[in-house]
Amino acid sequence: MRLDNIAEVKDKELTTKGSVYLVEEWLQGTIYTSSGHKIPDVPLKYDLKNNLFEIDFPDGIKVLGGQYVKQFEMMEGNDSIRSEFVNASMYNSDGLTNTGFLKVLVKGERAALLKRYELQQVPPNYSATMDVGSKNGAILISEKLYLAVGNLLAELKGRNNYSSFGEFEDEVKSYARKYKLKLHKEEDAISVVNFFNTLL
């Protein structure tokens, strides 16, 4: 048996692709602290993994823990519209951790529609022996929609989850069916919650 054709298997460098930031770039925003202070119009980043704000002040970058922030606003895209985010600790839900922030999609007198961003880490699955799989892990951001009535949150998932609308469940369901709207789709959920807010 000849052994001169056997080569050593070299470990490939394992890396992780993706980012822990809600948005990788510095974006202009305003922070409202839980102590009642306002930090207006500063470049900032929000670290989803560590619930931490990085703020680019003229004298250097400083950090602020998310637990000390009540809400913040951030420019998104090329328009001048600011997105509003509220601290999840303001709400009660059995299936939701009360750390982090929720993006406000709809704010109404009866209910609000909120979106939560969550990090998912996908580990590398590379096998050096077989030289197959991916040597790169990944950090992905998933999104979940929530209906907030008062300080109670309910996740909008599945196609027929209308029980969160309480006594108006049938009316909301009929409206969604009429216009072929699905609660798990953001734009559809916005229409449904806007309709819900018009009901007396």
Side-chain angles (χ1 to χ4, degrees), residues 21-23 27 29-39 44 46-53 64-77 79 81-120 140-200:
Y21 295 106
L22 176 62
V23 180
L27 295 177
T30 296
I31 293 175
Y32 300 86
T33 69
S34 52
S35 60
H37 294 89
K38 179 180 177 181
I39 306 172
L44 60 85
Y46 175 60
D47 179 339
L48 285 162
K49 182 178 180 181
N50 300 299
N51 190 28
L52 194 71
F53 290 88
L64 175 64
Q67 69 270 27
Y68 303 113
V69 175
K70 181 179 179 182
Q71 68 184 64
F72 71 98
E73 299 167 354
M74 180 183 283
M75 294 283 200
E76 289 191 280
D79 53 29
I81 297 174
R82 289 185 176 221
S83 296
E84 179 184 349
F85 295 79
V86 293
N87 200 309
S89 64
M90 296 169 56
Y91 299 96
N92 294 323
S93 173
D94 292 336
L96 176 70
T97 174
N98 65 351
T99 59
F101 290 83
L102 302 161
K103 181 178 180 178
V104 180
L105 301 177
V106 173
K107 185 190 293 186
E109 290 186 17
R110 181 183 297 280
L113 179 65
L114 307 170
K115 179 163 65 172
R116 184 179 181 87
Y117 297 91
E118 296 181 349
L119 287 183
Q120 294 181 332
L140 306 175
I141 297 178
S142 63
E143 301 174 358
K144 292 181 180 179
L145 298 176
Y146 291 88
L147 179 72
V149 179
N151 69 339
L152 299 177
L153 276 185
E155 185 179 353
L156 296 180
K157 57 183 179 180
R159 297 176 181 274
N160 299 305
N161 181 26
Y162 292 90
S163 59
S164 303
F165 296 97
E167 61 181 303
F168 297 100
E169 177 180 356
D170 291 337
E171 290 177 70
V172 174
K173 187 184 293 186
S174 295
Y175 174 83
R177 285 179 177 170
K178 179 179 178 181
Y179 295 101
K180 299 179 180 178
L181 303 174
K182 307 296 181 186
L183 284 180
H184 62 281
K185 294 183 178 179
E186 183 175 322
E187 291 302 317
D188 290 1
I190 289 173
S191 296
V192 170
V193 175
N194 278 330
F195 170 74
F196 179 55
N197 280 319
T198 66
L199 299 175
L200 299 177

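In this structure T33 satisfies the side chain to side chain donor-acceptor pair (under 3.5 Å) test together with S35, sequence neighbours excluded. Listed by chain and number, the residues in a side-chain contact (heavy atoms from CB on, under 4.5 Å) with I190 are L105, V106, L113, E186, E187, N194 (sequence neighbours excluded). Legend: residues meeting salt bridge (charged side-chain N to carboxylate O under 4.0 Å, His left out) with K49, ordered by chain and number and at least two apart, are absent. Partners of E84 by side chain to side chain donor-acceptor pair (under 3.5 Å), not counting sequence neighbours, listed by chain and number: K107. Applying the side chain to side chain donor-acceptor pair (under 3.5 Å) test to D188 and every residue at least two apart in sequence or in another chain returns nothing. Looking at residues two or more places apart in sequence or on another chain, you find a salt bridge (charged side-chain N to carboxylate O under 4.0 Å, His left out) between K103 and E76. Here E171 pairs with nothing under the salt bridge (charged side-chain N to carboxylate O under 4.0 Å, His left out) rule; sequence neighbours left out. For N50, the side-chain contact (heavy atoms from CB on, under 4.5 Å) partners are D47, L52, not counting sequence neighbours. For E143, the salt bridge (charged side-chain N to carboxylate O under 4.0 Å, His left out) partners are K115, not counting sequence neighbours. In this view, K38 and T30, Y32, P40 satisfy the side-chain contact (heavy atoms from CB on, under 4.5 Å) rule, not counting sequence neighbours. Scanning for side chain to side chain donor-acceptor pair (under 3.5 Å) contacts around S89 gives N87, with sequence neighbours left out. A search for side-chain contact (heavy atoms from CB on, under 4.5 Å) contacts involving S191 returns Y175, L181, not counting sequence neighbours.
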Test side-chain contact (heavy atoms from CB on, under 4.5 Å) applied to L22 and F101, step by step: CA-CA 10 Å; L22 176 62; F101 290 83; over 6 Å; no
Please test L102 against L153 for side-chain contact (heavy atoms from CB on, under 4.5 Å), starting from the C-alpha separation and ending with a verdict. CA-CA 11 Å; L102 302 161; L153 276 185; 3.9 Å; yes
Between I141 and L119, does the side-chain contact (heavy atoms from CB on, under 4.5 Å) criterion hold? Intermediate values first, please. CA-CA 5 Å; I141 297 178; L119 287 183; 3.7 Å; yes
Evaluate side-chain contact (heavy atoms from CB on, under 4.5 Å) for L27 paired with L44, printing each intermediate quantity in order. CA-CA 6 Å; L27 295 177; L44 60 85; 5.8 Å; no
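The minimum heavy-atom distance linking Y91 with A148 is given by the pair CE2-CB, 3.7 Å. Of all heavy-atom pairs between A176 and V192, the closest is CB-CG2, 4.3 Å. Closest heavy-atom contact between N197 and E109: OD1-N, 4.0 Å. Summarising the geometry of V193 relative to A111, their closest heavy-atom pair is CG1-O, 4.4 Å, with the distance given to 0.1 Å. Between Y46 and N51, the shortest heavy-atom distance links the atoms OH-OD1, 2.6 Å.
If you take CG on L156 and CG on L147, they are separated by 5.5 Å, rounding to the nearest 0.5 Å. Residue E73 holds its CD atom at 10.5 Å from CZ of F85, rounded to the nearest 0.5 Å. The CZ atom of F72 sits 9.0 Å away from the OG atom of S83 when rounded to the nearest 0.5 Å. Taken to the nearest 0.5 Å, the OH atom of Y146 stands 14.0 Å off from the CG atom of L152.
No donor-acceptor pair closer than 3.5 Å links the side chain of S34 to the backbone N or O of K70.
A cation-pi contact links R110 to F196, judged by a cut-off of 6.0 Å to the six-membered ring centre and 45° from its axis.
Inter-residue side-chain proximity for K144 and K157 is flagged as unmet; no heavy-atom pair is nearer than 4.5 Å.
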